[in-house]
Amino acid sequence: MSKIKTKQELENLRESGKRLARVLREVAKAVKPGVSTKELDHLSEKLIREGGDIPPFKDYVPYGAKYPYPACICVSANDEIVHGIPGERILKEGDIVGLDLGLSHNGMITDAAVSVPVGKVDARLTRLLDKTKEALWAGIRAAKGGKRIGDIGAAIESVADREGFGIVRELGGHGVGHHVHEEPYVPNYGKRGTGPILKPGMVLALEPMFNLGRDTVRMMPDGYTIITEDGSYSAHFEHTIIITEGEPEVVTAS
Ligand code: MG
């Protein structure tokens, strides 16, 4: 497994990203009060398999996990930051929900996430959603060939600092493509000009997670769901990008 993907691998990755964006858009449209998180999982699996593709999160065993991940999508509501397991929970008006999905097409995996409101939500939550998305795009713009991993984190962090949001520090972006998680790790904070150099052909998933309250997090007893320690609401956005000589190519943008 090399960090720099071949031309053919990048072709398959682009198609993978396009398909993932389509599925994620459909699943986001299905979010409304009264829908269970399990229904969102069934929908994402159906749409991925209809296209002849594979949901790579299903049965994936992340480092340190005690059992394989049991669903296709992660659905994380309110104070849940990431890795919420779909189940009987019913979404209600005023919730915010993060949808994190992977897709494998011809062996190439892409990874993307959006956070969306359920019906009408508080203005503070709308701002949290808008600014976390803005931070993702600030990170993407900073991810130019020849720059460093720390430039991405610094760009993301500056948005959270300006807004007074907590930044999740235990989790971050990562290489992706042949596997769900590859090197390098991409923290959502950092110093400009530090860390590994970004080289054209590298594929990264950038994924800021911002909290309305403090930075600190806690793991739920299910061994997957990460929540904010102070109970504050959290948002998460993610895209898979290809590093180029200039601005990166965002393969999961719809
Ligand atoms: Mg990811």
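Computed from heavy atoms alone, side chains included, the values below leave out hydrogens, waters and symmetry copies. Whatever order the structure lists ligands and atoms in, that order sets their numbers, starting from 1.
For the 3.5 Å distance criterion, the side chains of T225 and D222 qualify, holding a donor opposite an acceptor.
Checked options K18, R14, H239; the residue passing with V251 is R14 (criterion: side chain to side chain contact (heavy atoms under 4.5 Å, CB included)). Checking each of F57, Y63, Y60 against H181 for a ring pair (Phe, Tyr, Trp, His ring centres under 6.0 Å) leaves exactly one that passes, namely Y60.
By the neighbour-count criterion of 12 heavy atoms within 6.0 Å, atom CZ of R169 is densely surrounded, having more than that number from other residues, nucleotides or ligands.
Remark: H105 engages no residue in a ring pair (Phe, Tyr, Trp, His ring centres under 6.0 Å) (not counting sequence neighbours).
Each protein N, O or S atom less than 2.8 Å from the Mg ion (ligand 1) was counted, giving 4.
Between D230 and R214 there is no salt bridge, since no side-chain nitrogen of the basic residue lies less than 4.0 Å from a carboxylate oxygen of the acidic one.
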